[in-house]
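Below you'll find the structure, written out as structure tokens, and then a few comments.
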There are 2 protein chains.
Amino acid sequence: MPISFDKEDMKRLDEVVATRHHVKQGELLFRDGEPFKSLFAIRTGFFKTSVSTPDGHEQVTGFQMAGEIIGLDGIVTDQHSCNAVALEDAEVCVMPFANVEELSREFPVLQRHVHKIMSREIVRENSMMLLIGNMRSEERLAAFLLNLVQRLHARGFSQSEIVLRMSREEIGSYLGMKLETVSRAFSKFSDEGIIEVKQRYVGILNAPALKKIVNPTGCV
Amino acid sequence: MPISFDKEDMKRLDEVVATRHHVKQGELLFRDGEPFKSLFAIRTGFFKTSVSTPDGHEQVTGFQMAGEIIGLDGIVTDQHSCNAVALEDAEVCVMPFANVEELSREFPVLQRHVHKIMSREIVRENSMMLLIGNMRSEERLAAFLLNLVQRLHARGFSQSEIVLRMSREEIGSYLGMKLETVSRAFSKFSDEGIIEVKQRYVGILNAPALKKIVNPTGCV
DNA sequence: AAGCCGTTTTGATACACATCAAAAGATAGT
DNA sequence: ACTATCTTTTGATGTGTATCAAAACGGCTT
């Protein structure tokens, strides 16, 4: 948090994130239809969120990692409208939304922060629509991998190595393609020497090439 | 607005929506990259928002009508990240975001309202990802038409008649398909007697059939 | 009313991805 | 270590939608 607060302020702000919660791999943090009470800040671990069609088809709507906030979908109806599943053992801060709102009124910086988080999610989903609606399968996977390393790198992990926490099927669902197509795209990139794949480990050997796949007219 | 304010309050709240702005058909309300200052509440008219790939491909991210808010994308970076174009002559209320934030701190109902609007947009985009990622072209168009009449009906328009404000190409961009495919789906529905199409006029003759196309296992 | 332009429709063909199928490889339990 | 199960890879085939092309239609200008 960029601004300095006095001790009293800090104590109040701490209250909002006081309680923590552990979620084991495979467990739900919340599910579609459940009453909404709190946002969750991920401390450690990795989540996926997803929505479903009535006939059971799942669409992964996002993958979230440490430092990211989940649960924003629940605000509008006071009910969650998606499922959040831990893809590895995780710890979250439970932030009762009533507290968040109360403190936001008191601390403009926090208010601004909350607004930015929600806006960021809207912008992210805009770009996902662009991705799913306009790109072909290999472009989607390349964009996905670049996004993932970039976020991991921002958290102090390697700039060129990923250990995927999700299956091919989950990647496919997120990107609007079938698991076989995901696998084929991985193999193709691997054959071309752009990446190195061993199960869920992915090494990025040629990042510029990946970027070029996403944006063929590499005019940046 | 559901809650009652005293006169002084109303005056202050009015300030936030004091200035109005007219946008002619085809004109931009804001464009990608432009500094973000205000949200816009649509009073009359019809807008589309879109993002673009570097190579010029456009993805329509939404169609907005009276009563809806646009500009939320700009909050996170203080820059707009999409374009908003009027599809018919329109009037908007300009709501400087600094005012919105200030008054939100003062009036919890307003704060709650702002949060819900942002959350609603997040949920809408989740369902768009599901639509584009999992459904076939005819299902997408059916869902699109149902969504449109529902929103129009909520504004006092017909439950079964639409005058489209957007071209086949714009519909296609929004739904992740080509304009020819949109046209073919329209023709198919028309042949089947589900809808009546004459240019941009669409009459819905058999709403249940449309719903069944979206959700084949009509278990609701 | 004639001519021009952009939009929409319709047809023929091509291709990207889905689907179906099976083998190979990992992972877990006994 | 060995079987059972799940995940991933790879191949063969099918299909939905894109692409290419041209005609039909409607709106606008003069």
Side-chain angles (χ1 to χ4, degrees), chain A residues 24-26 48 53 55 57-60 85 87-89 131-145 162-192 195-202 213 216, chain B residues 24-26 48 53 55 57-60 85 87-88 131-145 162-192 195-203 213 216:
Chain A
K24 284 239 169 62
Q25 184 175 58
K48 72 166 179 185
T53 48
D55 57 310
H57 261 79
E58 182 190 51
Q59 169 78 33
V60 172
V85 179
L87 295 180
E88 62 179 0
D89 290 0
L131 189 100
I132 303 179
N134 276 307
M135 293 182 177
R136 50 193 53 196
S137 64
E138 287 169 25
E139 297 173 310
R140 295 183 208 178
L141 187 66
F144 170 73
L145 291 174
I162 314 175
V163 177
L164 300 170
R165 297 271 110 97
M166 70 294 278
S167 69
R168 302 289 189 262
E169 185 165 21
E170 287 164 333
I171 296 172
S173 169
Y174 184 52
L175 300 176
M177 51 207 257
K178 294 286 129 154
L179 69 97
E180 294 94 329
T181 309
V182 175
S183 176
R184 277 182 238 274
F186 269 122
S187 300
K188 177 127 182 287
F189 291 168
S190 181
D191 289 349
E192 291 168 347
I195 62 173
E196 189 191 350
V197 186
K198 187 153 196 186
Q199 286 296 118
R200 299 202 169 180
Y201 165 86
V202 178
I213 289 169
Chain B
K24 285 239 169 60
Q25 185 176 56
K48 72 166 179 185
T53 48
D55 57 310
H57 261 78
E58 182 190 50
Q59 169 79 34
V60 173
V85 179
L87 295 181
E88 62 180 0
L131 189 101
I132 303 178
N134 276 306
M135 293 183 176
R136 50 193 54 194
S137 65
E138 288 170 25
E139 297 173 311
R140 294 182 209 180
L141 187 66
F144 170 74
L145 291 173
I162 315 176
V163 177
L164 299 171
R165 298 272 109 98
M166 71 295 278
S167 69
R168 301 289 189 262
E169 185 165 20
E170 287 163 333
I171 296 172
S173 170
Y174 183 52
L175 300 177
M177 51 208 254
K178 293 286 130 156
L179 69 98
E180 295 94 329
T181 309
V182 175
S183 176
R184 278 182 237 272
F186 270 121
S187 301
K188 177 126 183 286
F189 291 167
S190 182
D191 290 348
E192 292 169 346
I195 62 173
E196 191 191 348
V197 186
K198 188 153 197 185
Q199 289 295 118
R200 298 201 169 182
Y201 165 86
V202 178
I213 288 168

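Any value given below was found using the heavy atoms of this structure, including those in side chains, with hydrogens, waters and symmetry copies removed. Please read all numbers here as calculations on a predicted model, not as lab measurements. Residue numbering restarts at 1 for every chain, and letters A, B, ... go by the order of the sequence lines.
Residue Thr181(B) has its side chain nearest to dA18(D) when only dT9(D), dA18(D), dT8(C) are considered. Candidate nucleotides dT8(D), dA18(C), dT9(C) were compared by shortest atom distance to the side chain of Arg168(B), and dT9(C) ranks first.
Applying the 4.0 Å criterion to OP1 and OP2 of dA16(C), one finds that Ser137(A) has every side-chain N and O outside that range. Considering only side-chain N and O atoms, Arg200(A) lies nowhere under 4.0 angstrom from the phosphate OP1 or OP2 of dA26(C).
Arg140(A) comes within 4.0 angstrom of no nucleic acid atom, judged by non-hydrogen atoms across all strands. Ser183(B) comes within contact range of at least one nucleobase, with a heavy-atom separation under 4.0 Å.
The interatomic distance linking Phe189(B) (CZ) with dT9(C) (P) rounds to 13 Å, in whole Å. In this structure, NZ of Lys178(A) is placed 15 Å from P of dT8(D), rounded to the nearest angstrom. For Glu180(B) and dT7(C), the CD to C1' distance is 12 Å, given to the nearest whole Å. The distance from atom CD1 of Ile195(A) to atom C1' of dT8(D) is 14 Å, rounded to the nearest whole Å.
In this view, Arg165(B) and Phe46(B), Leu87(B), Glu88(B), Val163(B) satisfy the side-chain contact (heavy atoms from CB on, under 4.5 Å) rule, not counting sequence neighbours. Every side-chain contact (heavy atoms from CB on, under 4.5 Å) that Arg136(A) has, sequence neighbours left out, goes to Glu139(A).
Within 3.5 Å, no donor on the side chain of Glu169(A) pairs with an acceptor on the base of dC6(D), nor the reverse. Taking 3.5 Å as the limit, the base of dG16(D) and the side chain of Arg184(B) contain no donor-acceptor pair of atoms between them.
From one end of the helix from dA1(C)-dT30(D) to dT30(C)-dA1(D) to the other, with five pairs defining each end axis, the axis direction shifts by 50° (rounded to 10°).
In this structure, Leu179(A) and Lys198(A) both approach DNA chain C, and ranking their closest nucleotides by distance from the 5' end singles out Leu179(A).
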